[in-house]
Amino acid sequence: MKKNIVIINGDGIGPEVTAQAVRVLQAIAEKFNHEWHFTECLMGAIAIDKTGDPLPDATIEACLNSDGILFGAIGDPKYDNNPSATVRPEQGLLKLRKALQLFANVRPVTTYPSLHYLSPLKEKQLQNVDFVIYRELTGGIYFGKKELNEEKTQAIDECIYTTNEIERIAHIAFKAAEQRRKKLTLVDKANVLETSRLWRKVVQDVAKNYPEVEVNYLFVDNAAMQIILNPSQFDVILTENMFGDILSDEASVLSGSLGLLPSASFGLSIALFEPIHGSYPQAAGKDIANPLGAILSAAMMLDYFDLPNEAAIIRAGVSWTLNNKFVTKDIDPINFYFTSTIGELICDFIASNNNFEDINHKNIELRKSTII
Ligand code: IPM
Ligand code: MG
């Protein structure tokens, strides 16, 4: 198979984690005889530094002509701490989502038994946790009218949703629920917000097409509590843009590290894959960030290319590193391996035909970091 893949490294740890995902994709190409053509593009703070624009037109153009986009992370503290900055890195990502119509953001939450101890939750709450958040990505308060009055004493962020915007993601989420445990939970704030009441009405109508799927409705405040109290009750969570942003960071706590979670964003014809973590500027350039969220995002891209065996071997490689304690500093601050070593190990795993015996454990030990 031949594919054109756009690589957007972005900011902070973005380039380091994306480099490992690219390396893993190359190992897959070699093993399965595929041909990936990579094009690097700019977005975020790095794009502002180089061109003055967080999303240069050339990036949109390349993305529109690609088969898939792999993205690292966005954000820089020099903008976070300056609320009056008019050009911000995040504008690049929001504009790209809108330009490519990436309206459905899919964030699977998986837990690994070998990492249960890392979660602040008790072991019994973590058992059988396996759900996926379908977050609407191009509407709501993120994209409504924004206003600041002249005196700078009043600000407005408008939240708008149309039935069409709700329907199109609802259908995707219901289809996913049909393939999973057939349970869908709509998270909203219908006791307060008009947009949430529209979500409920539209989802009730869409549900009629999927009689096998059991539908539940939860207010977002209660959902935030339930994700911690009883996360195994969820299968597919469907929600609007901002609630999905907040709940997906909360849910990452279940897996033990934010660095582990991948995501995919689908539109009408184009898809983008990115780890859910941010740019983690404190770790940038140190080769200590966790590349697994990025590597698992590459696996989601291979699923999207309809290459399930290739995606499965990446996931097996990730589980193999975790089970053998070949982990980065976020997971084990004392006995940790470098970002690049984890990428290399997963490539070795792929090349070894899933045969652990070929991988020399002594060599791996030597690559353990000695910096504490
Ligand atoms: C995410 C991020 C983004 C969002 C930021 C970087 C704009 O937090 O993808 O979850 O809020 O959507
Ligand atoms: Mg977020």
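All heavy atoms count here, side chains included; hydrogens, waters and symmetry mates do not. From a predicted model like this one, the values you see are computed outputs, not experimental measurements. Read the numbers this way: they start at 1 and go in the same order the structure lists the ligands and their atoms.
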With a 4.0 Å cut-off on N to O distance, would you call Glu158 and Lys146 a salt bridge?
no

Tell me whether the centres of the aromatic rings in Phe305 and His34 are closer together than 6.0 Å.
no

Checking a contact table here: which protein heavy atom is nearest atom 5 (C) of ligand 1, and how many Å away?
Glu90 CG, 4.3 Å

Donor-acceptor pair, Glu136 side chain versus Gly139 backbone, under 3.5 Å?
yes

Charged N to carboxylate O below 4.0 Å: is that the case for Asp67 and Lys2?
no

Could you tell me which atoms of ligand 1, counted from 1 in the order shown, lie closer than 4.0 angstrom to a heavy atom of Arg97?
1 (C), 4 (C), 9 (O), 12 (O)

Work out whether the distance between some heavy atom of Met242 and some atom of ligand 1 is less than 4.0 Å.
no

Any atom of ligand 1 sitting under 4.0 Å from a heavy atom of Arg107?
yes

N/O/S of Asp245 less than 2.8 Å from the Mg ion (ligand 2)?
yes

Looking only at distances, can you tell me whether any N or O atom of Arg135, backbone or side chain, sits closer than 3.5 Å to an N or O atom of ligand 1?
yes

Using a heavy-atom cut-off of under 4.0 Å, does the side chain or the backbone of Ile74 touch ligand 1, or both, or neither?
side chain

Look only at interatomic distance and state if Asp245 has a nitrogen or oxygen under 3.5 Å from any nitrogen or oxygen of ligand 1.
yes

Below 4.0 Å from any atom of ligand 1, is there a heavy atom belonging to Gln91?
no

Between Lys208 and Asp205, does any side-chain N to carboxylate O distance fall below 4.0 Å?
yes

Between Ser119 and His116 (side chain of the first, backbone of the second, donor and acceptor by atom type, cut-off under 3.5 Å), is there such a pair?
no

Does this structure show an ion pair linking Glu194 with Arg197, if we count only N-O contacts that are shorter than 4.0 Å?
yes

Looking only at protein heavy atoms, what sits closest to atom 11 (O) of ligand 1 is Tyr142 OH, 2.5 Å

